[in-house]
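Since the model is a prediction, treat every value here as computed from it, not as a measurement. Chain letters run A, B, ... following the sequence lines, proteins first, then strands; residues in each count from 1.
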Amino acid sequence: MKRSLISDLMKSDIVQTGVLIQGWVRTRRDSKGFSFIELNDGSSLKNMQVLADETLPGYNEVVLKLTTGSALAVEGDLINSPGAGQRWEIKARNIRVYDIAPESYPLQKKRHSDEYLRTIAHLRPRTNKYSAAFRIRSELAYGIHKFFKEKSFTYIHTPIITASDCEGAGQMFRVTTLEPTMQKPVDFTQDFFGKQSSLTVSGQLEAELFALALGNVYTFGPTFRAENSNTRRHAAEFWMIEPEMAFCDLSDNMSLAEELIKYVTAHVMEECPDDIDLFARFVEKDLTKQLEKIVGSEFVRLPYRDALLLIEKSGQTFEFEVPFGQDLQSEHEQFLTEDYFKKPVIVYNYPASIKPFYMRLNDDNETVAAMDVLVGRVGEIIGGSQREERLDVLERRMDECGLEKDSYWWYLDSRRFGSVPHSGFGLGFERLVMMVTGIANIRDVIPFPRTPKNIEF
RNA sequence: UCCCCAGUAGCUCAGUCGGUAGAGCAGAUGGCUGUUAACCAUCGGGUCCGUGGUUCGAGUCCGCGCUGGGGAGCCA
């Protein structure tokens, strides 16, 4: 008999005889002469209520011994449930036990704290909240590919191991086959690649090269930062989406960022209504309103200078002041997105001094064509810019940043041979999942999070 | 890396003024009921994070360490 998914059976219009479901027991309730078993197979939040009668073979030895977490196959008939609370149930004809979970099974049929579930990350996808989170994560990933496919972007796989150091994005993890040693200097000519190499902190530079060939491209892959960040929004290994578009200026870039966020948000609201509803009820009370706002309103576009003025004139007391030339603090971002505009805000034209070399210098010679998309609760979800396409300006900026130009010869070549205006950005995938679900900690939106001092599982 | 908070039963947590540990859930046993995180009764269950100190006496006070969380910075 072919296995049916509980999610499909729940949508059935008719009673069905002879169906097979397989899954894990969430709870069992006994009555005189029969038991109810709630079975979940991960296909959706919904459990199938299984009616197990005492006439079943092995009822006393098997059914009455079933514990939360046990694995079963149930053959039976899909019938209308006479009880309140569910439309369908399965009257079992045969129950096959794969495994009885012992009493040491760590998940109970009650609410656990996120902190505890993190210590059993191998089992937490069996809970409602985490199964919902990871179904949404999957659907978001699909939505992103669908968006770019519909816009005729080409999906590029940029390298994960790289030799380009200091791409402007922080500390990198070393990749080496050399034995660990405290001895210095290390002779990297003896190493696997004959050169010092690392895990990528961004696929952007490589994506730019492909944008200057294929027009519109994007990457979607893992990214690594060896920063000692201990916050709810940073992980050492995370996934990033990086579109890169030729013949595209900062304004087009912002438009695409806004369109992408709206598209994928609407996509999961459409495809995962039950899962979203769980988060709206139990995790972030305001979630539905927030998501509707994201999908339905125009994002604010605010030059950096104007952002400073707003913060100054707000009358609010902040812990930090923001003189020109410094980045906005978290509290300022929160003020803009949560208090003042109450919707996503794109801050652009930042001072060149706080942004990396590849961002295009504006005519004022002081700011660059950078943009950050800020959303409530999560903060910076996108960072991007128009890229510096003028070779002389780019080289000057690299000098100012103290970069070794020779090792970027291939990047600079793109400005020598048919250079054009182009733009792109990086979207933090985990932060997107946080935005859409209301989950507050990045460690809870990635299956097995990597953070400082944490690499279990 | 800096600042703040927490660590007590398998899980969630209470523990007063420093006087020797408790509830709910989970588990086991029995009962009841087309049940809905079922319900009722009984029972078992503790390295009070570790370490040193103060004290007649420390879960409780103090020092150090470990782990977790929140905030800040770095950013996606």
Side-chain angles (χ1 to χ4, degrees), chain A residues 26-38 46-47 49-53 64-65 67-69 79-86 89 91 101-120 127-128 167-171 201-204 220-242 257 282 318-320 326-334 354-356 372-375 378-384 425-435 440-446 451-454 456:
Chain A
R26 283 296 173 79
T27 184
R28 188 192 90 225
R29 296 180 291 270
D30 299 323
S31 290
K32 198 173 208 80
F34 58 95
S35 299
F36 293 107
I37 303 161
E38 296 280 344
K46 295 197 175 83
N47 302 326
Q49 175 163 286
V50 174
L51 179 66
D53 198 82
L64 290 183
K65 294 281 185 279
T67 52
T68 301
I79 61 170
N80 285 301
S81 176
Q86 63 282 316
E89 66 185 25
K91 188 169 188 334
E103 61 179 278
S104 57
Y105 183 63
L107 287 172
Q108 299 174 4
K109 43 190 180 188
K110 62 160 202 161
R111 214 187 120 77
H112 289 289
S113 68
D114 292 329
E115 291 80 12
Y116 171 65
L117 290 170
R118 254 169 245 158
T119 68
I120 50 166
T127 65
N128 287 340
E167 288 174 2
Q171 286 294 108
V201 292
S202 165
Q204 179 200 316
F220 186 175
T223 309
F224 309 88
R225 305 268 167 97
E227 239 102 59
N228 188 15
S229 299
N230 292 286
T231 79
R232 14 175 231 102
R233 0 177 234 289
H234 291 88
E237 177 183 291
F238 62 99
W239 286 62
M240 188 155 65
I241 296 104
E242 295 182 286
F282 300 118
F318 295 104
E319 199 180 333
F320 300 93
Q326 283 186 31
D327 219 339
L328 302 182
Q329 307 281 328
S330 291
E331 56 179 349
H332 304 135
E333 296 179 359
Q334 273 166 36
I354 56 169
K355 290 294 182 184
D372 286 351
V373 179
L374 311 176
V375 297
V378 178
E380 183 181 343
I381 198 168
I382 281 178
F425 60 82
L427 166 65
F429 186 55
E430 281 72 23
R431 290 185 182 175
L432 181 67
V433 181
M434 291 167 76
M435 183 194 86
N441 196 310
I442 198 167
R443 287 170 264 234
D444 299 331
V445 296
I446 188 164
T451 52
K453 302 276 186 289
N454 187 353
E456 198 65 51

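The same atom, P, is picked in B:A38 and in B:C74; the two are 48 Å apart, to the nearest Å. The separation of B:G18 from B:U54, taken at their C1' atoms, amounts to 12 Å, rounded to a whole angstrom. When the C1' atom is compared between B:C32 and B:U42, the two are found 15 Å apart, to the nearest whole Å. B:U20 and B:U1 have their P atoms separated by 42 Å, with the value rounded to a whole Å. Taking atom C1' in both B:A14 and B:C25, the straight-line distance is 15 Å, to the nearest Å.
For the pair A:His332 NE2 and B:A72 C1', the interatomic distance rounds to 12 Å; values are reported in whole Å. Rounded to an integer number of Å, the gap from A:Leu117 CG to B:C11 P is 11 Å. If you take CZ of A:Arg232 and C1' of B:C74, they are 16 Å apart, rounded to a whole angstrom. Between the P atom of B:C74 and the CZ atom of A:Phe320 lies a distance of 9 Å, rounded to the nearest Å. Taking atom CD of residue A:Glu115 and atom P of nucleotide B:A6, one finds them 15 Å apart after rounding to whole Å. The distance from atom CG of A:Asn228 to atom P of B:C75 is 15 Å, rounded to the nearest whole Å. The nearest whole Å value for the distance from the OH atom in A:Tyr116 to the P atom in B:U12 is 7 Å. Note: CD (A:Glu227) to P (B:A76) measures 10 Å, nearest angstrom.
Taking the side chain as every heavy atom from C-beta outward, A:Glu456 and A:Asn454 approach each other to under 4.5 Å. The shortest side-chain heavy-atom distance between A:Asp444 and A:Leu117 does not fall under the 4.5 Å cut-off. Annotation: side chain of A:Glu227 is not in contact with side chain of A:His234 (no heavy-atom distance under 4.5 Å). Between A:Val50 and A:Phe36, every side-chain heavy-atom pair lies at or beyond the 4.5 Å cut-off.
Among the nucleotides B:G34, B:G70, B:U12, the one closest to any side-chain atom of A:Ser113 is B:U12. Comparing B:G69, B:A76, B:C25 against the side chain of A:Ile442 picks out B:A76 as the nearest. Proximity note for A:Ser330 (side chain, C-beta onward) versus B:C75, B:G70, B:G73: the nearest is B:G73. Nearest to the side-chain atoms of A:Ser31 among the listed nucleotides B:A76, B:U35, B:A72 stands B:U35. Among B:G34, B:G68, B:C74, the nucleotide with an atom closest to any side-chain atom of A:Gln49 is B:G34. Checking B:G73, B:C75, B:U35 against the side-chain heavy atoms of A:Glu89 singles out B:U35 as nearest. Residue A:Arg29 has its side chain nearest to B:U36 when only B:U36, B:G10, B:G69 are considered. The side chain of A:Glu380 approaches B:A76 more closely than any other nucleotide in the set B:A72, B:A76, B:A26. Comparing B:U36, B:U12, B:G73 by their nearest atom to the side chain of A:Gln86 picks out B:U36. Side chain of A:Gln334, nearest nucleotide from B:U35, B:A72, B:A76: B:A72.
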Using nucleotides 28-31 of chain B, report all nitrogen or oxygen pairs with the protein that are shorter than 3.5 Å.
none

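Between the side chain of A:Gln329 and the base of B:G71, no donor-acceptor pair under 3.5 Å is found. Judged by atom type and distance alone, A:Asp30 does not reach the base of B:U35 through any side-chain donor-acceptor pair under 3.5 Å. Below the 3.5 angstrom threshold, one finds no donor paired with an acceptor across the side chain of A:Ser229 and the base of B:C75. The base of B:C74 is not paired with the side chain of A:Arg233 by any donor and acceptor separated by under 3.5 Å.
Using a 4.0 Å cut-off, some side-chain N or O of A:Lys109 falls inside it from OP1 or OP2 of B:A38. A sub-4.0 Å separation between OP1 or OP2 of B:G73 and a side-chain N or O of A:Asn230 is absent. Under 4.0 angstrom from either OP1 or OP2 of B:A38 there lies at least one side-chain N or O belonging to A:Thr27. When the side-chain nitrogen and oxygen atoms of A:Arg28 are compared with OP1 and OP2 of B:A38, none of them lie within a distance under 4.0 Å. Neither OP1 nor OP2 of B:A76 sits under 4.0 Å from any side-chain N or O of A:Thr223.
In this structure, A:Leu51 reaches the bases: a heavy-atom distance under 4.0 Å links it to at least one base atom across the strands shown.
Taking all atoms of both residues into account, the shortest heavy-atom contact from A:Ile446 to A:Glu430 is CD1-OE2, 3.4 Å.
Comparing A:His112 and A:Glu38 against RNA chain B, the residue whose closest nucleotide sits nearer the 5' end is A:His112.
Under the stacking criterion of a centre-to-centre distance below 5.5 angstrom and an interplanar angle below 30°, A:Phe34 is not stacked against the six-membered ring of B:G34.
At least one donor-acceptor pair under 3.5 Å links the side chain of A:Arg232 to the backbone N or O of A:Ala440. A donor-acceptor pair is defined here as one N or O able to donate and one able to accept, closer than 3.5 Å; no such pair exists between the side chain of A:Thr223 and the backbone of A:Trp239.
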Please evaluate residues A:Lys109 and A:Thr68 with respect to the criterion side chain to side chain donor-acceptor pair (under 3.5 Å), reporting the C-alpha separation (whole Å), side-chain torsions for both, the decisive distance (0.1 Å), and the verdict.
CA-CA 7 Å; A:Lys109 43 190 180 188; A:Thr68 301; 4.6 Å; no
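Across the strands present, B:C17 finds no partner; the criterion is a Watson-Crick or G-U wobble pair with both atom distances under 3.5 angstrom.
Ring pair A:Tyr116/A:His112 is tilted by interplanar angle, where 30° to 60° counts as tilted.
The line from CD of A:Glu333 to CG of A:Leu374 is 4.5 Å long, rounded to the nearest 0.5 Å.
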